[in-house]
Structure formats: structure tokens, C-alpha cells
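All of these numbers come straight from a predicted model, not from anything done at the bench. Order of listing sets the numbers, starting from 1, for every ligand and every atom in it.
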Amino acid sequence: MFSRPHTWYPLARKKVRKVTLHVGPTNSGKTYHALKRLESCSSGIYCGPLRLLAWEVANRLNKAKVPCDLITGQEREEVDGAKHKAVTVEMADVISDYECAIIDEIQMLGCKTRGFSFTRALLGISADELHLCGDPAAVPLIQEILKVTGDDVKVQSYERLSPLVPLKVPLGSFSNIQKGDCIVTFSRREIYRLKYEGNVAIKKLVNSCSGYLPKLTFIGLSRAVLRNWSIAAVSNFDMVLHRRTQAVADSFEAKIETGGKHLCSVVYGSLPPETRTRQATMFNDATSEFDVLVASDAIGMGLNLNISRIIFSTMQKFDGSEMRDLTVPEIKQIAGRAGRYGSHFPVGEVTCLDPEDLPLLHSSLKSPSPTLECAGLFPNFDLIFMYSRLLPKSGLHEILEHFLENAKLSENYFIANCEEVLKVAAYIDELPLGLQDKYLFCISPVDMNDDISSQGLTQFAQNYAEKGIVRLKEIFTPGTLQVPKTPGALRELESIHKVLDLYVWLSYRLEESFPDRELASSQKAICSLLIEEFLERLGWQNPGAKRIRPRRSLTSLLSQNVRQHL
Ligand SMILES: Nc1ncnc2c1ncn2[C@@H]1O[C@H](COP(=O)(O)OP(=O)(O)OP(=O)(O)O)[C@@H](O)[C@H]1O
Ligand SMILES: [Mg+2]
């Protein structure tokens with residue numbers, strides 16, 4: 001059964017799907033052409049790898065008067081009368097029928113951790129037309145995989161629409177930063193350092209033309225924050241903060257002589273998605289003061305940002321176990337964000353901070369990506385359930401391990417990296433839960449490397465097993481979150497955001513048992529606003545001077561709030 005994954009999706013197998021592979025370099029109009037088809041069809045679904053991309057597509061369709069829902073694991077923004085959906089690929093719908101479907105960045109099906117969701121969408125979406133956009137390196141594998149489905153497959157190739165120029169000189173110094181630059185780095189700490197350095201460079205620039213810098217920049221912060229408050233969920237707590245921020249802004253407003261100047265936006269993976277969206281929007285907005293972007297590879301795929309020049313601060317990345325050079329596809333994807341067609345910058349440029357990195361950058365941009373060999377797979381619950389009958393006395397951990405050792409795969413596939421899932425399974429097996437519940441907790445978006453996030457999961461699972469209902473207030477009191485003052489406190493707030501996010505995710509799947517979705521969502525929104533306020537302030541403080549606080553546990557962080565407030 002595991003060797004024939006196309007048979008898991010009977011609805012899709014009833015159709016001969018017209019599959020078009022849109023392939024070519026970055027910024028060549030692949031997604032654009034697929035979206036044109038989606039717009040003109042009576043129903044459709046867009047599946048992308050990033051929440052930011054799904055958001056960009058939903059926005060675009062809604063603006064074009066094609067009502068479109070936005071659906072990710074943790075959010076549902078439904079639009080009246082929508083027959084179209086923009087989703088993150090994990091949410092791809094394989095039980096409905098569509099006229100048109102898009103899977104963007106399809107080469108991700110080779111990704112060790114998330115690839116299986118792309119494979120699921122590729123095999124499982126039932127649509128008359130299926131558009132796959134991505135790197136030419138995925139073509140032979142997809143053709144091979146789709147041989148057995150009977151689909152009708154054609155390949156459409158594209159050329160880059162605007163030039164991308166690899167510079168011969170490195171950035172050298174931060175004083176050379178210009179409007180439209182995006183500095184790419186991979187460690188969170190480095191992002192803050194660069195934001196600081198970037199802002200210091202800009203600060204010098206601003207200083208030369210204004211004597212009101214500290215106040216002026218503080219207003220820059222407050223304005224940005226105020227914009228965000230106005231769209232935040234409003235609770236009493238929000239209102240207090242809102243008024244306080246407003247008062248600060250007002251007191252400085254009168255003293256401003258000129259408008260705000262350039263500031264850095266920040267986009268990296270562990271920032272809450274809504275924060276990433278707002279930071280990217282501020283950077284993209286030509287009228288905002290946010291003209292420089294500091295980002296991780298969270299911007300690496302498909303996004304259309306107003307970037308003129310990409311500057312790699314490093315060409316190495318820690319991949320969970322070791323430092324390694326960036327791969328050719330990673331370098332091309334990230335570099336491809338510069339000079340997007342139709343943006344303010346008709347020509348993109350790319351360079352490095354360090355001259356030693358230039359050869360790798362230049363050679364990678366000239367190289368084709370290596371051809372993909374296999375696509376990811378992960379057993380769905382039905383398979384695990386069938387398999388569990390062979391091992392009636394075993395827990396989920398043992399069933400999964402057994403399954404992974406014995407599954408027979410066709411040569412086109414590999415089994416996804418299951419480390420995280422197994423970690424959760426080992427814990428969950430201790431609880432009196434049914435197999436389906438255990439499976440659900442295992443595939444939830446918990447970050448087991450984050451103490452607070454994993455404690456959140458254990459607490460939720462425990463309460464669920466014991467009482468069948470999990471009230472958010474049992475471990476969390478609204479109204480107690482504060483603007484972080486140190487990077488350590490920021491990290492804690494990011495982790496709390498992850499816990500709230502997990503609650504929301506569970507609430508969509510176990511609705512009656514996790515009834516406080518609205519509360520969790522509004523607290524999530526507050527977390528991201530507080531994080532943004534910290535990000536804005538950070539630019540003007542030296543991160544080196546910050547105290548690093550010892551890490552605290554979820555229970556001490558959250559239950560202390562409970563004690564104070566109940
Ligand atoms: N024919 C066109 N007319 C107007 N705008 C276009 C056209 N083709 C592409 N664009 C615009 O150019 C930009 C890049 O296009 P698109 O996002 O489709 O590139 P892509 O090939 O999917 O890139 P990536 O590999 O980075 O995802 C987008 O802003 C898109 O709207
Ligand atoms: Mg694209």
C-alpha cells in the first residue's frame with residue numbers, strides 16, 4: 001500500500017487532470033501565469049509553501065474581485081461567496097473538487113521535512129487543471145510520479161523577466177547600505193546585530209540632515225505600532241496599551257520637523273506569521289520609512305518584495321546538526337528576490353558582505369539546480385490505523401518505528417524525517433488517549449526544540465486526556481503580556497506565541513475540547529504586536545548591552561500570571 005501512494009486519493013484518480021508544469025528561473029512569471037488561469041476559473045485552490053505567499057495570493061485575487069479565502073493551519077479568513085482558496089500546502093484540500101489548482105514551489109516535494117505535504121497535494125488534489133510552478137530540476141521526478149496516475153502532463157518553460165546582476169564587489173561596510181537593500185542572514189542573533197548595524201548606518205545618514213533623530217525615530221516606531229494596534233483584536237488590555245502608545249506618540253508629534261526616515265524591517269522564521277506579513281508590508285510600502293530589510297531565508301521563496309539588492313551576510317547556514325554552505329537552489333531562490341518584475345527596481349543586484357564569499361555566489365548563480373531524485377511521503381492516519389492492527393498492544397511510538405523500518409517504498413519516494421513526530425509520540429503514549437488523538441498531537445505544529453512550546457503541548461495533551469476539555473485560562477491569563485526588554489524576553493514571547501498558535505491549531509481540529517480559540521487568537525495578535533514594538537525599539541539600542549535572562553519554563557511564566565489574576 002505504501003508503495004502505491006497515488007491510490008490513497010480516489011477522488012483525484014477519477015479524473016484525468018490536465019497538469020501544466022511551469023518551470024524556469026526565479027522572477028520569470030511562473031506563478032503569475034498559473035494565477036491568471038486560477039482567476040479565470042469558477043473554482044480553485046492555490047497551495048504555497050509560505051503563509052506570506054498564500055496571503056499575497058489571497059490579497060491579489062480579492063483585489064481582482066475574485067473572492068478568495070485564506071486558510072493556514074492556524075487561521076481561516078473566509079470571504080463571502082468565495083469559491084477560491086489560498087492555502088499553505090499542509091492545508092491542501094484533497095476531498096473537494098476544483099476546476100483549477102496550483103501548487104507553487106513544487107520542487108519542495110524533495111524537502112526532508114515538508115516534502116510529503118507537496119506530494120500529498122500533487123497526488124491528491126482533485127482538479128480539472130493542475131498547475132505546478134517551480135524549478136526545472138523537479139520535472140523528471142514529477143513526470144515519473146504522474147506516469148501511474150494517467151494525468152495529462154505538459155511542460156511550459158519560462159525565462160527571467162528582468163536581469164539579475166551578480167556584483168563583482170562585496171558590500172564591504174554597512175555604511176554602503178542603500179534604500180531597497182535586503183541583508184540576508186540565517187541566525188536569529190545575527191539578524192538583530194545586522195538590524196542594529198543597518199540602523200546605525202542609516203542613523204548617521206539621518207543625523208546629517210536632522211537634529212531630532214531620537215524623537216523622530218521614536219515617532220517612527222510609534223506610528224508603525226499604532227497602525228498595527230488599529231487592526232489588532234481589541235480587549236481591555238489592548239485599549240490600555242493603545243492609549244499609552246497614542247499618548248507617547250502625541251507628545252512627540254508636535255516636535256517633529258520632518259517625517260520619519262529609513263528604518264529596517266525584519267523577517268525571520270520564528271517571528272509570528274502576522275508579524276512577518278506586517279514587516280514585509282511596511283518594507284514594500286514605498287511611502288513607509290522602512291526601506292531596508294533584514295531577513296532570513298524565510299523570504300526565500302516566491303515572494304514579490306521591493307528589493308533592489310540582496311546582500312548575503314554569510315553563505316553558510318546551521319541546518320540543525322552542522323554548519324554547511326548554502327545549496328545552489330537556496331542561493332538562487334534568495335538572490336531571485338532582487339529586482340522583481342514590476343517592482344520599483346527594474347534590475348536586481350546581488351552581492352555578499354564578505355569578498356571571500358563572492359566566488360560561491362557567482363558560481364551558484366550560473367549552475368543548474370541538481371535534479372530531484374525522490375519525493376517525500378508520510379503515512380496518513382488510515383495507514384497507521386491499519387498498521388496498528390498488526391501490533392495491537394503497542395503504543396503509537398512503537399507502531400511508527402515499526403512502520404518506518406518496514407515500509408516498502410517505490411524508488412521515487414522517501415519517508416519524511418520523523419524525529420519530531422517520534423519525540424511527541426514517546427511522550428503522548430504515556431497518556432490515556434486513543435490512536436487518532438495521539439496521531440493528531442504528533443502532527444501538530446509543536447516545536448520540540450523549544451522548551452516552552454513542547455511544555456505547551458504536554459500540558460494541552462494532559463488536560464485533554466484527563467478532562468476532555470482544555471480551557472486556555474487554566475494555564476494563561478490574558479492581559480499579562482508585556483513588551484520584551486531583552487532578547488531573552490523576546491524569545492520567551494515568541495515561544496508563548498507558539499503555544500497560543502498550537503492552541504488555535506488544535507481548536508480547529510478538536511473544536512469542542514479547545515473552546516477558547518478567540519481568546520488564543522487575540523492573545524496571539526497581542527504577542528505579535530509586542531514583538532513588533534520590541535523590533536522597532538531594537539534598532540536604536542545596542543544589542544550587546546542587553547542582559548540575557550535565564551530561560552524560564554512555561555509553567556513558571558504562565559501559571560505565575562494565573563496566580564496573580566485568579
Ligand atoms: N506578464 C506579466 N505582466 C505583468 N506582470 C507580470 C507578468 N509576469 C510576471 N509579472 C510580475 O512579475 C513578478 C514575478 O512574477 P512571478 O512571481 O510569477 O515569478 P516566478 O517565476 O513565480 O518567481 P519565483 O520563482 O521567485 O516564484 C510578479 O510581481 C508578477 O506579478
Ligand atoms: Mg513563483
Side-chain angles (χ1 to χ4, degrees), residues 20-40 44-64 66 68 86-89 100-111 118 121 130-139 142 155-164 180 182 184 267 280-281 283-286 293 295 297-310 326-350 364-365 367-369 372:
T20 307
L21 271 151
H22 302 263
V23 295
T26 55
N27 194 11
S28 57
K30 305 180 294 291
T31 308
Y32 176 88
H33 281 96
L35 284 174
K36 279 272 159 216
R37 279 302 306 154
L38 187 74
E39 262 178 50
S40 65
I45 182 164
Y46 166 91
C47 312
L50 303 173
R51 190 242 177 224
L52 267 173
L53 266 176
W55 180 83
E56 191 180 291
V57 168
N59 250 0
R60 183 192 147 135
L61 261 64
N62 283 314
K63 268 193 198 147
V66 179
C68 179
V87 309
T88 40
V89 67
C100 180
I102 300 176
I103 309 172
D104 209 355
E105 305 295 344
I106 186 68
Q107 74 283 351
M108 287 273 292
L109 90 176
C111 170
F118 287 81
L130 177 60
H131 297 268
L132 310 172
C133 309
D135 196 300
V139 172
I142 291 169
V155 179
Q156 196 165 316
S157 297
Y158 294 80
E159 296 298 328
R160 209 182 148 90
L161 290 166
S162 52
L164 179 66
C182 170
V184 176
V267 176
T281 310
F283 173 73
N284 257 0
D285 176 357
L293 184 63
D297 45 355
I299 57 142
M301 267 175 299
L303 287 173
N304 289 300
L305 295 161
N306 272 327
I307 295 171
S308 123
R309 180 170 61 168
I310 289 280
L326 294 178
T327 61
V328 168
E330 282 168 345
I331 293 171
K332 291 205 293 191
Q333 279 283 355
I334 296 168
R337 295 316 104 208
R340 299 292 285 185
Y341 182 69
S343 77
H344 303 317
F345 304 101
V347 175
E349 293 178 333
V350 51
S364 303
L365 290 177
S367 317
S369 304
L372 286 183

Notebook entry, point to check: Is there a nitrogen or oxygen of Leu161 sitting under 3.5 Å from a nitrogen or oxygen of ligand 1?
Noted result: no
Notebook entry, point to check: Of the non-hydrogen atoms in Thr26 and Arg160, which two are nearest, and what is the gap between them?
Noted result: OG1-NH1, 3.0 Å
Next item on the list: If you have a sec, work out which protein heavy atom is nearest atom 17 (O) of ligand 1 and how many Å separate them, to one decimal?
Entry: Arg340 NH2, 3.1 Å
Next item on the list: Check each heavy atom of Met301 against ligand 1 and say whether those closer than 4.0 Å belong to the side chain, the backbone, both or neither.
Entry: neither
Notebook entry, point to check: Got an N/O contact under 3.5 Å between Glu105 and ligand 1?
Noted result: yes
Notebook entry, point to check: What residue and heavy atom of the protein are closest to atom 18 (O) of ligand 1, and at what distance?
Noted result: Tyr32 N, 2.7 Å
Next item on the list: Write down the atom of Ala54, the atom of Ala86, and the distance for their closest heavy-atom approach.
Entry: O-CB, 3.4 Å
Next item on the list: Assess Thr31: does it contribute an N, O or S atom lying under 2.8 Å from the Mg ion (ligand 2)?
Entry: yes
Margin query: Quiz question: by atom type and distance under 3.5 Å, do the side chains of Ser162 and Arg340 form a donor-acceptor pair?
Written below: no
Next item on the list: For atom 22 (O) of ligand 1, grab the closest protein heavy atom and report residue, atom and distance to one decimal in Å.
Entry: Thr31 OG1, 2.8 Å
Next item on the list: Measure the spacing between CD1 of Ile142 and CD1 of Ile106 and express it to the nearest 0.5 Å.
Entry: 4.5 Å
Next item on the list: Using side chain to side chain contact (heavy atoms under 4.5 Å, CB included) as the criterion, point out the one residue from Val87, Thr88, Ile102, Asp104 that pairs with Cys47.
Entry: Val87
Note to self: So, taking the atom named CG in Leu130 and the one named CZ in Arg37, what distance separates them when rounded to the nearest 0.5 Å?
What the structure shows: 13.0 Å
Item checked: Protein heavy atom at shortest distance from atom 19 (O) of ligand 1 -> Gly29 N, 3.2 Å
Checklist line | Closest protein heavy atom to atom 28 (C) of ligand 1, given as residue, atom name and distance to 0.1 Å | finding: Asn304 OD1, 3.4 Å
Next item on the list: If you have a sec, work out which protein heavy atom is nearest atom 14 (C) of ligand 1 and how many Å separate them, to one decimal?
Entry: Asn27 OD1, 3.3 Å
Checklist line | Flag, side chain of Glu56 to backbone of Asn304, donor-acceptor distance under 3.5 Å | finding: yes
Checklist line | Main-chain N/O of Pro49 paired to Glu105 side chain as donor or acceptor, under 3.5 Å | finding: no
Note to self: Regarding ligand 1, does Arg337 bring an N or O atom to under 3.5 Å of one of the ligand's N or O atoms?
What the structure shows: yes
Next item on the list: Looking only at protein heavy atoms, identify the closest one to atom 10 (N) of ligand 1 and say how far it is in Å.
Entry: Tyr341 CD2, 3.4 Å
Notebook entry, point to check: Between Tyr46 and Leu38, which heavy-atom pair has the shortest distance, and what is it?
Noted result: CB-CD2, 4.0 Å
Next item on the list: With heavy atoms only and a cut-off of under 4.0 Å, state how Lys30 meets ligand 1: side chain, backbone, both or neither.
Entry: both
Next item on the list: Determine whether any heavy atom of Cys133 lies closer than 4.0 Å to an atom of ligand 1.
Entry: no
